[in-house]
Asker: 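What follows is a single structure, and I will ask about it in a moment.
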Amino acid sequence: MARPNEEVEALLQEYADLLAISGGDAFKQRAYERAARAIGGYPQDVSKLDAKALKGIPGVGKSIADKIAEYLSTGHVAAIDETRSTVPPGVRELMTIPTLGPKRAMTLYRELDVASVDDLVTAVHEDRLGRLKGFGPKAADNILHGVELMRAAGGRILLGEALRIAEETVSGLVAATGVERCEYAGSVRRMKETIGDIDVLVAARDEDAEAIMRAFTELPGTAEIIVHGRKKTSVRTAKGLQIDLRVLPPVSWGAGLQYFTGSQPHNIRTRSIAVRKGLKLSEYGIFDTETGEQLHAGTEEEVYGRLDLPWIPPTLREDRGEVDAALRGELPDLVTQDDIRGDLHTHTDLTDGLATLEQMAEAAAARGYAYYAVTDHAPELRMQRMTSEKMLAQRDRVRALADRYGRRLRLLHGTELNIDPEGEVDWPADFLAGFDVCVASVHSHFGLDRAAQTRRLIRAAENPHVNIIGHPTTRKLGKRAGIDVDLDAFFAACARTGTAVEVNGHPERLDLRDEHILLARRHGVRFAIDSDAHAVSELDNLRFGVATAQRGWLTADEVINTWPLTRLRKFLRGPGRR
DNA sequence: GCCGTTTTCGGCCCGACTGTTTTCAGTCG
């Protein structure tokens with residue numbers, strides 16, 4: 001069900017992991033990792049490329065191109081299948097636990113016969129780790145904590161992947177005979193950061209239901225049918241994700257979409273409003289309680305209208321005050337993708353990006369942006385090997401390229417600085433003054449205590465050259481909790497100093513998250529919604545940032561990259577700056 | 001396994017931190 005590029009990326013990454021576990025050549029492993037990343041971020045569909053074009057992808061040589069071609073034509077790669085047979089899939093799974101890498105995963109398997117996360121938890125509880133070389137007194141705690149973090153995600157998948165599957169399911173169904181309307185609902189429509197299962201709704205006449213259900217179960221990617229009926233069918237994909245399809249009569253569409261979009265607390269609020277008006281709201285429609293008569297409400301707008309409410313955007317439907325705000329006529333005018341005039345945090349292949357400056361700029365222009373900032377990493381992130389010279393050379397290239405685009409697209413030269421434990425950033429003030437925009441982010445020292453984290457973030461915000469604090473909590477969904485920070489103090493500092501906080505749209509980050517945005521806007525903070533793109537295709541991650549911003553009730557005026565360039569420039573410069 | 005204005009072999013992403021050790025392997029960004 002995944003797009004070919006993602007399938008191939010996953011395959012190559014798996015092979016790289018297997019090579020690491022089985023202790024092969026580390027450089028070979030890295031070559032596969034690099035190729036995996038390059039394929040994942042490659043703008044063209046790899047299944048449409050011939051061998052020569054495949055070899056043209058950076059990091060893909062003859063051997064890997066051949067394996068990709070083999071996979072695309074047969075669905076298998078002999079060499080990878082062979083390696084798989086020597087390492088149980090559960091051993092690779094162990095590597096997803098923080099603090100466990102390939103070496104210790106292999107040790108666990110070899111010495112203790114641990115071949116799954118469950119096996120490992122059992123082994124820890126049975127105190128069998130103590131005797132193992134490389135595993136000391138802290139190891140057990142760290143492993144259990146890591147497993148807990150993973151399980152906190154509860155087998156949920158990230159919004160980005162869920163949305164893709166939901167959209168594919170819908171597009172696979174709209175063509176089926178008798179489908180009058182089809183949309184995904186549930187937490188995907190509300191754009192929650194992680195998704196447990198996917199709800200899809202179809203409006204169709206009863207006599208078409210059976211054929212639609214069959215078409216659903218026959219969609220590619222279905223591994224198992226859980227329940228199969230005329231009104232509801234549930235399947236599980238190969239990756240274990242459940243997808244529910246419900247078929248409703250067209251007259252129930254508005255009520256059904258409203259009901260299945262949720263959230264449950266939001267529905268309780270709307271239904272109780274209905275009750276007070278002598279109405280009954282269910283997934284089948286809105287009814288007069290006394291007569292049982294069904295009132296016409298074919299769309300969500302009409303359903304909310306019957307309750308004397310304006311339509312409430314799905315991203316707000318979490319019972320966080322949206323119903324009361326709607327009753328008062330005070331729903332926020334939410335920021336949308338169309339409001340965004342530019343991206344202020346992106347990378348190129350000068351550091352860890354995959355595409356060139358020219359490719360990224362061209363993609364930004366194609367998206368219709370009015371401005372676009374290139375913000376490659378700064379020297380303190382050692383692995384990127386940035387230098388002042390490289391940065392200045394890039395600036396010359398940006399300026400030259402800017403001349404080519406003229407007024408159509410304003411290119412900004414920026415950087416993503418590193419906030420050190422003291423809150424200092426790379427480069428002295430006079431060098432920083434040369435940038436159009438500076439994002440500053442935490443990339444290390446995640447373990448400092450709350451006071452120290454708060455101090456460093458505030459100090460970074462107070463730096464007159466820092467315009468935006470990037471991914472402020474630095475969490476990674478399902479992998480790492482955010483750093484421990486007094487957010488109120490930090491947001492107050494951002495408001496005071498005119499430093500924007502980022503809503504990072506990378507599906508693994510979504511940082512700030514919705515609840516933190518709600519907190520921040522109470523301080524009068526300004527926001528930047530950025531993609532943090534490391535590839536052309538990742539520019540689209542901005543949509544997840546917009547969704548998260550909506551969930552945080554943000555309006556366009558609070559988001560600096562919806563502003564015209566002149567207003568943005570003024571914000572970046574002062575008052576009190578430079 | 002990839003790559004090349006150091007060019008067809010010999011490099012390749014470097015440094016910090018953690019928890020383990022007793023001088024350093026493994027993990028991470």
Side-chain angles (χ1 to χ4, degrees), chain A residues 8 11-13 15-39 54-70 77 79-80 83 92 94-108 110-111 129-146 149 347 349-354 376-387 390 416-422 426 441-448 452 470-471 474-476 479-483 506 508-509 511 532 534:
Chain A
V8 172
L11 184 80
L12 297 178
Q13 182 60 53
Y15 192 46
D17 287 348
L18 294 175
L19 291 172
I21 294 167
S22 47
D25 177 6
F27 291 110
K28 182 171 162 181
Q29 172 215 334
R30 253 183 260 166
Y32 275 96
E33 271 177 355
R34 175 155 183 256
R37 249 166 61 78
I39 300 284
L54 284 172
K55 275 198 67 176
I57 301 172
V60 177
K62 183 173 185 323
S63 173
I64 293 182
D66 285 348
K67 287 189 176 69
I68 296 172
E70 181 184 351
V77 179
I80 299 179
T83 314
R92 185 175 171 236
L94 296 179
M95 286 173 57
T96 61
I97 299 171
T99 74
L100 278 191
K103 293 286 181 294
R104 290 176 353 132
M106 194 56 184
T107 304
L108 287 166
R110 213 175 30 227
E111 303 295 326
L129 255 52
R131 298 181 294 276
L132 223 53
K133 192 171 156 58
F135 291 80
K138 296 266 187 154
D141 277 353
N142 283 340
I143 287 169
L144 290 181
H145 178 69
L149 256 179
H347 297 273
D349 61 0
L350 183 61
T351 53
D352 55 352
L354 296 167
D376 272 314
H377 287 288
E380 286 302 312
L381 202 62
R382 305 280 176 190
M383 62 177 172
Q384 304 300 351
R385 306 184 137 197
M386 178 54 75
T387 62
K390 281 183 176 179
E416 182 182 13
L417 301 163
N418 306 286
I419 303 174
D420 82 4
E422 304 303 321
D426 321 58
S441 317
V442 166
H443 293 114
S444 64
H445 300 90
F446 307 125
L448 299 180
H471 46 75
T474 311
R475 69 165 178 172
K476 287 244 176 122
K479 291 186 180 161
R480 181 173 76 212
I483 55 175
H506 193 289
E508 218 177 37
R509 293 191 184 273
D511 183 13
D532 198 357
H534 286 68

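Within every chain, numbering begins at 1; the chains are lettered A, B, ... in the order of the sequence lines, protein sequences first and strands thereafter.
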Asker: Please state how far atom CD1 in A:I143 lies from atom P in B:dG26, giving the value in whole angstrom units.
Answerer: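 Taking CD1 of A:I143 and P of B:dG26, I get 15 Å after rounding.
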Asker: Indicate the atoms forming the closest heavy-atom contact of A:Y32 with A:I64, along with that distance.
Answerer: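 Looking at all heavy atoms of both residues, the shortest contact is CE2-CG1, 3.6 Å.
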Asker: Taking only the P atom of each, what is the distance from B:dG15 to B:dG10 in whole angstrom?
Answerer: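 About 24 Å, rounded to a whole number of Å.
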Asker: Of A:L19, A:L11, A:L12, which is the lone residue that meets side chain to side chain contact (heavy atoms under 4.5 Å, CB included) with A:Y15?
Answerer: A:L19
Asker: Starting from the 5' end of DNA chain B, give me the residue, A:R480 or A:D25, whose nearest nucleotide shows up first.
Answerer: A:D25
Asker: Sticking with atom P, work out how far B:dG11 lies from B:dT6, rounded to a whole angstrom.
Answerer: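 Roughly 16 Å separates the two P atoms.
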Asker: Work out how far the P atom of B:dC3 is from that of B:dT8, and round it to whole angstrom.
Answerer: 16 Å
Asker: OP1 or OP2 of B:dC17 sitting under 4.0 Å from any side-chain N/O of A:H445?
Answerer: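 Yes, because at least one side-chain N or O of A:H445 sits under 4.0 Å from OP1 or OP2 of B:dC17.
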Asker: Please give the nucleotide sitting opposite B:dT8 as a Watson-Crick or G-U wobble pair, both distances under 3.5 Å, or none.
Answerer: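 Because no pair has both required distances under 3.5 Å, B:dT8 counts as unpaired.
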Asker: Given B:dC17, B:dT27, B:dG1, identify the nucleotide with an atom nearest to the side chain of A:R104.
Answerer: B:dT27
Asker: Just to verify, what does A:S63 make a side chain to side chain donor-acceptor pair (under 3.5 Å) with, not counting sequence neighbours?
Answerer: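 With neighbours one apart ignored, the set is A:K67.
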Asker: Can you tell me how far P in B:dA16 sits from the matching atom in B:dT21, rounded to whole Å?
Answerer: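 It comes out at 24 Å once rounded to the nearest Å.
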Asker: With a 4.5 Å limit on heavy-atom distance, are the side chains of A:H534 and A:T351 in contact?
Answerer: no
Asker: A:P379 and side chain to side chain contact (heavy atoms under 4.5 Å, CB included): which partner among A:Q384, A:K390, A:M386?
Answerer: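 Only match with A:P379 under side chain to side chain contact (heavy atoms under 4.5 Å, CB included): A:M386.
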Asker: For A:R382 and B:dC17, give me the distance from atom CZ to atom P, rounded to whole Å.
Answerer: 11 Å
Asker: Return the set of residues passing ring-ring contact (aromatic ring centres under 6.0 Å, His included) with A:H443 (not counting sequence neighbours), or none when no residue passes.
Answerer: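 Here the qualifying residues are A:H377, A:H471.
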Asker: Under 4.0 Å, heavy atoms only, any strand: does A:A139 hit a base, just the sugar-phosphate, or nothing?
Answerer: sugar-phosphate
Asker: Write down the distance between CZ (A:R475) and P (B:dC28), rounded to a whole number of angstrom.
Answerer: 20 Å
Asker: Report the nucleotide, chosen from B:dT27, B:dA16, B:dC3, that has the shortest atom-to-atom distance to any side-chain atom of A:R34.
Answerer: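 So the nucleotide nearest the side chain must be B:dC3.
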Asker: Any idea which of B:dC2, B:dG29, B:dT27 is nearest the A:S63 side chain?
Answerer: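 Of the options given, the side chain of A:S63 lies nearest B:dC2.
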Asker: Among B:dG1, B:dT27, B:dC17, which nucleotide sits nearest the side chain of A:Y32?
Answerer: B:dG1
Asker: Rounded to the nearest angstrom, tell me the gap between atom CD1 in A:I39 and atom C1' in B:dC2.
Answerer: 13 Å
Asker: Between B:dC13 and B:dC17, how far apart are the two P atoms, rounded to whole Å?
Answerer: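 Between the two P atoms, the distance is 22 Å.
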Asker: For B:dT23 and B:dT18, measure between their C1' atoms and round to the nearest Å.
Answerer: 15 Å
Asker: Do we see A:F27 stacking on the base of B:dC2, given a limit of 5.5 Å between centres and 30° between planes?
Answerer: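 Answer is no, no stack.
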Asker: With P as the reference atom in both, quote the distance from B:dC12 to B:dT27 in angstrom, rounded to an integer.
Answerer: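 The same atom, P, in both gives a distance of 23 Å.
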Asker: Measure from CG on A:L448 to C1' on B:dT18 and round the result to the nearest Å.
Answerer: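 Answer to the nearest Å: 14 Å.
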Asker: Want to settle it: does A:A105 or A:R30 sit nearer the 5' end of DNA chain B, counting the closest nucleotide to each?
Answerer: A:R30
Asker: The side chain of A:K138 is closest to which nucleotide in this list: B:dC2, B:dG15, B:dT20?
Answerer: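 The answer is B:dT20.
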Asker: Can you tell me the distance, in whole Å, between the CD atom of A:E380 and the P atom of B:dC17?
Answerer: 11 Å
Asker: So what does A:F446 hit on the nucleic acid, given a heavy-atom distance under 4.0 Å: a base, only sugar-phosphate, or nothing?
Answerer: sugar-phosphate
Asker: Take atom NZ of A:K103 and atom P of B:dT18, then tell me their distance rounded to the nearest Å.
Answerer: 21 Å
Asker: A:K55 has an atom NZ; how far is it from atom P of B:dC2, in whole Å?
Answerer: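 Checked: the NZ to P distance equals 8 Å.
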Asker: Has A:N142 got a side-chain N or O lying under 4.0 Å from the OP1 or OP2 atom of B:dG19?
Answerer: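 Yes, A:N142 has a side-chain N/O under 4.0 Å of OP1/OP2 on B:dG19.
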Asker: Which part of the nucleic acid, if any, lies within reach of A:S444 when heavy atoms closer than 4.0 Å are counted: base, sugar-phosphate only, or nothing?
Answerer: nothing
Asker: Looking only at atom types and distance, does a side-chain atom of A:D426 sit under 3.5 Å from a main-chain N or O of A:L417, one as donor and one as acceptor?
Answerer: no
